[in-house]
Amino acid sequence: MLSENSPQMKVLKLTWATLDWDKEGEGRDMSRFLPLPAKETLSESERKDLDWVVARDQRKFDCMPMLRDEYPFEVAPLFTGLLQTPRLARLWAELGDYYMTASIRGTMNEVERAWIDMGLLPLLVNGWVQAGNIAVAAANGIAADDIQAIRDNRLDALPPEGKDLVELVRLTVEGTLTAARFRELAAGRNTKWVIEAIGYIVFRYASAIIDSIMWKIQKIEVGDELIDEMFTALTEGRLGAQNMMDKEAFARGALEQ
């Protein structure tokens, strides 16, 4: 479990604090948020989709023990936005669940996913997502020097596995992955793994963009200074090998769902 003063917990708390929960019990400034659609305006299938996504978001929140013990649950801004069209929100959440269960299903493991997330790091526009990704990378044993090499675009300084995955991120996002390079990667792992990795890269890249948009249109900002604070904590040895979320518990819950 994360300690109260860990850098990972700081990111979580600073992020959640932007949701404007009032510690004195006055509630939250809902004028900054898109309200969830009234159920009477929805079809039966849309109501089911809305309930499914809200339950899924609560399950994710419940997998962050110290956060859930300090703050009341509220649907995250990504989904208060996407739930304006509940079917879209559910499809997006189900795709997220698919990739979150990758290690349990026997495709991408958590270390590989962390390398891919680090490959995306310089391409993302959302500060709190980048800070969270650094915390996950540290939890999966990716060194500060390797993260800095990615930030500086010094990919030759990376260990071979990391370099392959970061290069796959760049080729995928740029749309320049060739048949020859695809065959090389598939020979080293298998075709299914590479296809799923490509899908994950596209999903994570798109998720970072749409997440940022959903927060901004609801007038919620999280400063980019979190990225440097998280990276400084990593270089100074203050970032322990702890994930901010119990991903295995969430993934198993998703499979049961």
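Every value quoted in this text rests on a predicted model; they were computed, and no experiment measured them.
Using a 4.5 Å heavy-atom threshold, the side chains of Arg204 and Ile116 count as separate. Contact of the Pro86 side chain with the Val53 side chain is not registered, since no non-hydrogen atoms from C-beta on lie closer than 4.5 Å. Within the 4.5 Å cutoff, the side chain of Val75 has no heavy atoms near those of the Gln58 side chain. A heavy-atom distance below 4.5 Å is found between the side chains of Gln84 and Leu34. With a 4.5 Å cut-off on side-chain heavy atoms, Phe182 and Ile195 count as touching. Within the 4.5 Å cutoff, side-chain heavy atoms of Ile217 are placed close to those of Ile213. Put simply, the side chain of Arg252 does not reach to within 4.5 Å of the side chain of Thr101, judged on heavy atoms.
Applying the under-4.5 Å side-chain rule to Ile, Leu, Val, Met, Phe, Trp and Tyr, the cluster around Ile104 extends to Leu255.
Residues Arg90 and Glu94 are paired through a salt bridge, judged by an N-O separation under 4.0 Å between the basic side chain and the carboxylate. Taking 4.0 Å as the cut-off between side-chain N and carboxylate O, Glu40 and Arg47 do not count as a salt-bridged pair. Looking at Glu44 and Lys48, a side-chain N of the basic residue comes within less than 4.0 Å of a carboxylate O on the acidic one, giving a salt bridge. A salt bridge does not link Glu184 to Arg189: none of the charged side-chain nitrogens sits closer than 4.0 Å to a carboxylate oxygen. Using a 4.0 Å cut-off between charged nitrogen and carboxylate oxygen, Arg68 and Asp62 do not count as a salt-bridge pair.
Between atom CG of residue Leu165 and atom CG of residue Leu158 there is a gap of 10.0 Å, rounded to the nearest 0.5 Å. To the nearest 0.5 Å, atoms CD (Glu196) and CG (Asn190) are separated by 9.5 Å. Rounding to the nearest 0.5 Å gives a distance of 9.0 Å between CH2 of Trp215 and OG1 of Thr80. To the nearest 0.5 Å, atom CZ of residue Arg170 and atom CG of residue Leu120 are 8.5 Å apart.
The two atoms that bring Leu177 and Arg181 nearest to each other are CD1-CG, 3.8 Å, heavy atoms only.
The aromatic ring centroids of Phe79 and Trp92 lie 6.0 Å or more from each other.
Of the residues listed (Val169, Asp164, Ile150), the one engaging Trp115 in a side chain to side chain contact (heavy atoms under 4.5 Å, CB included) is Ile150, and it is the only one.
Geometric assessment of Arg151 against the ring of Phe231 yields a positive cation-pi assignment under the 6.0 Å and 45° thresholds.
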- request: Could you please spell out the steps behind the salt bridge (Lys or Arg N to Asp or Glu O under 4.0 Å) verdict for Asp97 and Arg59?
  value: CA-CA 12 Å; Asp97 283 355; Arg59 190 170 69 251; 3.8 Å; yes
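Counting only distance, with no hydrogens or angles, the side chain of Arg113 and the backbone of Tyr99 share a donor-acceptor pair below 3.5 Å.
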